[in-house]
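Working notes for the structure below.
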Amino acid sequence: MFQPEQQAVEKAIFEFCVQNNIPVPSELKWVPIPFSGEWGISTSFFQLAANEAKQSGKQVNVGQRAQEIGEQIVAYLLKQFGASQTTKSPFRRADAVKGYLNLYFSTAEYSQRVVDTVLEENQHYGYCPPTGERVMVEFSQPNTHKAFHVGHLRNVILGNTVCNILEAAGSQVIRANYIGDIGLHVIKWLWNYQKFHAGEEPGDDRTRWMGDLYAEADRHLSENPELDTEVRALFARWDQRDPEVVALWQKTRQWSMDGFEQIYAKLGVHFDHVYYESEVEDSGKELVDDLIQRGIAVDERPVGPVIVRIDDILGLKKEKYRVMVILRSDGTSLYATKDIPLAIKKFEQYHLDRSIYVIDVRQSLYLQQIYKTLEIMGYPWASQCYHLAYELVNLPGNVTMSSRDGTVVLLEDLLREATQRAVEIVKEKNPSLPAETMQSVAYDVALGAIKYPMLARENIRLVTFDWESALDFNGQAAPYIQYAHVRANSILRRMETPLSPALAPLHSLDAAEIELIDLISRLSGEIQRAAVELKPLHLTNYAYDLARAFNDFYQQCPVLKADAEVRDFRLRLVAATKQTLSNSLNILGIPAPEVM
RNA sequence: GCCCCCGUAGCUUAAUGGACAGAGCAUCUGACUUCGGAUCAGACGGUUGCGUGUUCGAAUCACGCCGGGGGCGCCA
């Protein structure tokens with residue numbers, strides 16, 4: 001937001017370096033001044049001093065020298081831009097402390113600029129202009145005929161939020177899902193259905209029913225291993241596209257898909273393109289033949305599978321990519337059989353600049369194998385495939401959720417429990433709300449409370465699910481942020497006249513106001529950082545900090561009861577805060593209720 | 001055996017190689033007849049697993065340990 005000022009100062013600093021024979025830095029890193037109360041940006045000269053020392057070969061005290069340079073630059077800047085009070089100066093004052101240069105802005109001018117900008121751009125505030133980049137994000141990837149539990153939830157929430165972040169940062173995003181609609185698990189399910197549940201239909205809770213039948217199938221088969229021959233026979237019928245089997249598969253697959261759609265709708269997630277494993281199986285098998293022909297893959301059939309010896313091809317002495325199996329010895333397909341043609345299809349269909357896979361960290365080696373194989377095959381875009389890895393959601397005691405062991409927390413149950421808890425709290429806090437509003441608010445709060453903790457930690461850190469903390473709405477959590485939004489709204493609702501037009505503050509700003517304005521101005525930077533690092537964490541932290549700053553302001557600074565000129569500016573500030581909170585929550589995929 | 005990830009306050013966790021390691025929970029103390037107390041202020045709590053290096057400067061980078069998790073030719 002303050003690029004022109006920053007650039008003007010940078011230019012002056014570079015001039016100073018040239019004039020004083022100091023090596024010109026390639027760039028200066030600016031950060032907001034960490035100790036607030038006043039408003040500005042800061043950079044340090046340690047690198048500069050260190051470079052200078054290296055060049056001269058002399059021993060110097062870098063800290064001392066950095067401070068010296070800082071002081072000289074302050075003097076130089078004052079000479080360049082004139083007295084601090086003149087309007088020409090890009091900053092109000094500057095000082096050098098411990099090797100840092102601090103630039104303080106004119107509070108009135110800049111606070112007006114921030115608030116005006118938010119209220120002009122509204123729901124687009126903080127968003128970057130289009131970069132022209134086209135990126136596909138593949139996430140969720142559920143298996144049909146299985147349960148959907150909170151382990152899967154992290155993937156959906158992370159993937160969706162990463163999409164929102166990339167869009168806000170100016171990329172064109174294609175949201176892709178990749179459905180595991182074939183494989184042994186499906187055949188097991190069909191076998192169990194035919195044998196014990198023929199003709200049955202799922203109830204309302206389709207996903208649960210599908211999952212229960214899968215667990216049952218698994219139980220039958222592990223208790224009676226001799227039944228495996230029946231399953232294998234069914235698999236063979238599927239492989240030959242026996243019409244009866246295919247019809248049943250299509251019908252039951254749709255049951256799962258309907259259930260997934262319900263879940264996605266509840267979570268506020270949609271997809272632009274849904275791929276199915278079944279649609280890339282045939283082209284995958286053709287591709288395997290092609291790879292054998294080209295000498296990239298080795299066919300060890302019938303004694304072994306078809307493999308790609310990646311390390312050998314690359315001439316690596318130490319094992320790194322190892323060996324990837326791309327087709328079973330009996331000719332049936334594996335994940336790898338299908339992931340290679342899928343990657344090609346994606347790039348050909350959409351002319352992507354980048355392809356991101358949101359998949360748990362355990363598949364890290366596998367995905368590196370896929371990407372490397374694509375590179376060996378000669379696809380120049382192979383290097384633009386990226387595995388966005390995240391850790392699992394485990395149960396206390398480091399127990400992995402498993403559909404076959406029944407150690408799962410179903411998404412439906414979590415949402416229901418959380419909403420129920422939220423209803424009780426809303427009833428207690430705000431009994432005057434109409435019943436319908438109460439329900440929808442409770443849902444917003446519950447959804448936020450579930451999503452926030454999954455986004456607010458490093459992707460690569462394990463999450464332990466326990467009911468108590470999942471249903472805890474206190475502290476650094478979404479409801480705190482939503483509450484700040486509600487409070488801002490509450491002030492604006494009571495406003496008697498329309499918001500005044502663009503306005504500079506006429507009073508001397510309170511520290512809480514400066515802190516709040518400062519945070520509002522940082523949204524765009526945080527979005528960009530989250531987009532570059534693919535880490536929603538930066539935005540969850542930002543939204544919380546912003547909410548905290550607003551609650552602090554709320555405590556310190558009366559709005560409606562303030563004198564007219566103070567009130568008019570503060571009302572605009574409240575409106576700007578509400579908008580910024582709302583934009584942040586939107587990107588995170590967390591609802592921003594008007595009341596709660 | 002080889003490779004990857006994690007280790008920060010009692011618990012959950014943050015910190016583009018840079019200023020005093022910042023929050024929340026829990027515990028304790030306080031907040032005006034006030035725009036919504038799902039709030040705010042304060043206290044307590046840290047040899048950033050251990051060690052050695054690199055650097056003017058290390059929670060952050062390198063190497064070695066310790067502890068936990070994960071992955072390694074026909075599972076997905």
Side-chain angles (χ1 to χ4, degrees), chain A residues 29 31 33-35 42 44 46-47 49-50 53 59-66 97-100 102 141 143 180 183-185 277 298 300-301 304-309 318-330 332 334-336 359-366 368-369 389 391-392 394 398 400 425-426 428-430 445 453 456-458 460-464 469 472-477 479-480 482-484 486-495 512 529 532-533 537-538 540-541 544-545 548 550-552 554-562 567 570-571 574 595-596:
Chain A
K29 291 182 294 184
V31 294
I33 295 170
F35 321 114
S42 163
S44 70
F46 298 109
Q47 198 56 55
Q59 278 288 341
V60 291
N61 181 327
V62 168
Q64 215 170 57
R65 178 62 185 146
V97 182
K98 296 182 182 177
Y100 289 81
N102 297 321
Q141 308 110 330
N143 285 327
L184 193 57
H185 74 279
E277 275 188 40
V298 180
E300 296 183 335
R301 285 177 292 179
V306 181
I307 59 173
V308 179
R309 298 183 189 278
K318 279 177 65 176
E319 42 181 39
K320 182 166 182 189
Y321 298 101
R322 296 171 178 261
V323 170
M324 178 166 66
V325 180
I326 57 172
L327 194 71
R328 285 199 190 91
S329 50
D330 66 3
T332 56
L334 292 157
Y335 249 32
I359 298 180
D360 82 74
V361 67
R362 299 184 188 200
Q363 302 203 35
S364 196
L365 173 62
Y366 168 70
Q368 294 319 308
Q369 291 177 329
E391 258 292 0
L392 300 182
N394 277 357
N398 226 349
T400 305
I425 294 173
V426 177
E428 178 201 325
K429 306 279 186 191
N430 200 349
V445 170
R457 65 197 70 234
E458 289 284 355
I460 207 66
R461 285 176 79 122
L462 200 74
V463 170
T464 301
S469 54
D472 186 1
F473 299 159
N474 295 316
Q476 182 168 357
Y480 178 91
Q482 292 169 320
Y483 182 63
V486 165
R487 278 179 136 185
N489 183 52
S490 177
I491 292 177
L492 297 171
R493 204 175 44 219
R494 283 160 205 279
M495 192 169 63
R529 188 170 167 213
V532 168
E533 297 179 21
L537 157 75
H538 295 308
T540 56
N541 288 350
Y544 175 77
D545 286 343
R548 193 170 41 71
F550 179 73
N551 279 327
D552 187 33
Y554 187 94
Q555 191 79 11
Q556 309 285 333
C557 307
V559 178
L560 295 173
K561 295 196 172 164
R567 184 194 61 208
R570 283 185 178 165
L571 279 170
V574 170
V595 293
M596 64 189 271

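Letters A, B, ... are given to chains in the order of the sequence lines, protein chains preceding strands, and every chain is numbered from 1. Values reported hereafter were calculated over all heavy atoms of this structure, with side chains retained and with hydrogens, waters and symmetry mates removed.
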If you measure from the C1' atom in B:U54 to the same atom in B:U60, how many Å do you get, rounded? 13 Å
Drop me the distance from A:Gln363's CD to A:Gln369's CD, to the nearest 0.5 angstrom. 11.0 Å
Phosphate-side-chain proximity, A:Lys29 and B:U16, N/O vs OP1/OP2 below 4.0 Å: no
Quote, to the nearest angstrom, the P distance that separates B:C4 from B:A9. 26 Å
Rounded to the nearest 0.5 Å, what separates atom CD1 in A:Ile307 from atom CZ in A:Arg322? 13.5 Å
Is any side-chain heavy atom of A:Val574 closer than 4.5 Å to one of A:Met495? no
When both hydrogen-bonding distances must be under 3.5 Å and the geometry is Watson-Crick or G-U wobble, what is B:A62 paired with, if anything? B:U52
Residue pair A:Leu327 / A:Arg301, side-chain heavy-atom distance below 4.5 Å: yes
Taking for each residue the nucleotide of RNA chain B bearing the nearest heavy atom, is the 5' side occupied by A:Lys561 or by A:Gln476? A:Gln476
Answer with base, sugar-phosphate or nothing: what part of the nucleic acid does A:Leu327 contact at a heavy-atom distance below 4.0 Å? nothing
For the residue pair A:Asn551 and A:Tyr480, confirm or rule out a side-chain donor-acceptor distance under 3.5 Å. yes
Nucleotide of B:A41, B:G36, B:U16 approaching A:Asp552 most closely (side-chain heavy atoms): B:A41
Measure from the side chain of A:His538, starting at C-beta and using heavy atoms only, and say which of B:A15, B:G73, B:C35 lies closest. B:A15
For nucleotides B:C28 and B:U33, find the distance between their C1' atoms and express it as a whole number of Å. 27 Å
Please determine, for B:G67, whether a Watson-Crick or G-U wobble partner exists with both distances under 3.5 Å, and give it or none. B:C6
Measuring only the C1' atom in each nucleotide, how far is B:A38 from B:A43? A whole number of Å is fine. 23 Å
Of the candidate nucleotides B:G36, B:U16, B:A76, which contains the atom at the shortest distance from the side chain of A:Tyr366? B:A76
Paired to B:A43 by Watson-Crick or G-U wobble criteria (both distances under 3.5 Å) is B:U27
Roughly, in whole Å, what's the span from CD1 in A:Ile491 to P in B:U39? 16 Å
Side chain of A:Pro479, heavy atoms from C-beta onward: which of B:G71, B:A38, B:C75 has the nearest atom to it? B:A38
Please check the phosphate of B:A14 (OP1 and OP2 only) for any side-chain N or O of A:Arg461 closer than 4.0 Å. yes
Using a 4.0 Å heavy-atom cut-off, does A:Glu458 contact any base of the nucleic acid, only the sugar-phosphate backbone, or nothing at all? sugar-phosphate
Are OP1 or OP2 of B:C40 and a side-chain N or O of A:Tyr480 less than 4.0 angstrom apart? yes
Going by purine N1 to pyrimidine N3 plus the second Watson-Crick contact, or the G-U wobble pair, all under 3.5 Å, which nucleotide sits opposite B:G17? none
Would you mind classifying the nucleic acid contact of A:Val559 as base, sugar-phosphate or nothing, using non-hydrogen atoms under 4.0 angstrom? base
Rounded to the nearest 0.5 Å, how far apart are CG of A:Leu334 and CD1 of A:Ile326? 9.5 Å
A:Asn102 or A:Gly304: which one's nearest nucleotide on RNA chain B is closer to the 5' end? A:Asn102
Out of B:A14, B:G71, B:C40, which nucleotide sits closest to the side chain of A:Leu537? B:A14
How is A:Met596 classified with respect to the nucleic acid when contacts are heavy atoms under 4.0 Å: base, sugar-phosphate, or nothing? base
Protein-nucleotide distance (A:Arg309, atom CZ; B:C74, atom P), rounded to Å: 13 Å
What contact category does A:Asn489 fall into here, base, sugar-phosphate, or nothing, at under 4.0 angstrom with non-hydrogen atoms? nothing
The side chain of A:Ile460 is closest to which nucleotide in this list: B:U16, B:C6, B:A19? B:C6
How would you label the contact of A:Val31 with the nucleic acid (heavy atoms, under 4.0 Å): base, sugar-phosphate, or nothing? base
OP1 or OP2 of B:C2 under 4.0 Å from side-chain N/O of A:Lys320: no
Report yes or no: do A:Asn394 and A:Thr464 form a side-chain donor-acceptor pair below 3.5 Å? no
Could you tell me whether A:Val532 contacts a base, only the sugar-phosphate backbone, or nothing, with contacts defined as non-hydrogen atoms closer than 4.0 Å? nothing
Distance criterion of 3.5 Å, no angle test: do you see the side chain of A:Ser42 paired donor-to-acceptor with the base of B:A19? yes
Separation of A:Glu533 CD from A:Glu458 CD (nearest 0.5 Å): 8.5 Å
Check whether any side-chain N or O of A:Tyr366 sits under 3.5 Å from a backbone N or O of A:Ala336 as a donor-acceptor pair, and report yes or no. yes
Ignoring backbone atoms, test whether A:Arg362 places a side-chain nitrogen or oxygen under 4.0 Å from the OP1 or OP2 oxygen of B:G71. yes
For the side chain of A:Leu334, counting heavy atoms from C-beta on, which of B:U39, B:A76, B:C35 is nearest? B:A76
Determine the interatomic distance between P on B:U12 and the same-named atom on B:U29; round to the nearest Å. 26 Å
At under 4.0 Å between heavy atoms, what does A:Asn430 touch on the DNA or RNA strands: base, sugar-phosphate, or nothing? base
For A:Ser469, report the nucleic acid contact type (base, sugar-phosphate, nothing); a contact means any heavy atom under 4.0 Å. nothing
With a 4.0 Å limit, can you tell me whether A:Arg328 has a side-chain N or O closer than that to the phosphate oxygens OP1/OP2 of B:A76? yes
Nearest 0.5 angstrom please: A:Arg457 CZ to A:Thr540 OG1, how far? 9.5 Å
Partner of B:C72 by Watson-Crick or G-U wobble geometry, both contacts under 3.5 Å, or none? B:G1
Among A:Val559, A:Leu560, A:Ile491, which residue satisfies the side-chain contact (heavy atoms from CB on, under 4.5 Å) criterion with A:Arg570? A:Val559
So, does A:Arg487 get its side chain near the phosphate of B:A38, meaning an N or O under 4.0 Å from OP1 or OP2? no
Nearest-angstrom distance from the residue atom CD of A:Glu391 to C1' of B:G70: 7 Å
Side-chain N,O (A:Ser490) to OP1/OP2 (B:G36) below 4.0 Å: yes
Once you round to the nearest 0.5 Å, how far does NZ of A:Lys98 lie from CD of A:Gln64? 14.5 Å
Starting at the 5' end of nucleotides 54-60 of chain B, put B wherever the base has a protein heavy atom under 4.0 Å, S where only the sugar-phosphate does, and a dash everywhere else. --B----
So what does A:Arg322 touch, heavy atoms closer than 4.0 Å: a base, only the sugar-phosphate, or nothing? base
Measuring only the P atom in each nucleotide, how far is B:C3 from B:U13? A whole number of Å is fine. 28 Å
What is the glycosidic conformation of B:G51: syn, defined as within 90° of 0, or anti? anti
Can you check the distance between B:A31 and B:U55, where both ends of the measurement are the C1' atom (answer in whole Å)? 48 Å
B:A38 - base-pair partner by Watson-Crick or wobble geometry, distances under 3.5 Å: none
Look at the side chain of A:Val323 and decide which nucleotide, out of B:G73, B:A38, B:C35, has an atom nearest to it. B:G73
Donor/acceptor link under 3.5 angstrom from A:Ser364 side chain onto base of B:C4: no
Within the 4.0 Å heavy-atom criterion, would you say A:Tyr544 contacts the bases, only the backbone, or no part of the nucleic acid? sugar-phosphate
Would you measure the distance from the P atom in B:C5 across to the matching atom in B:U48 and give it in whole Å? 23 Å
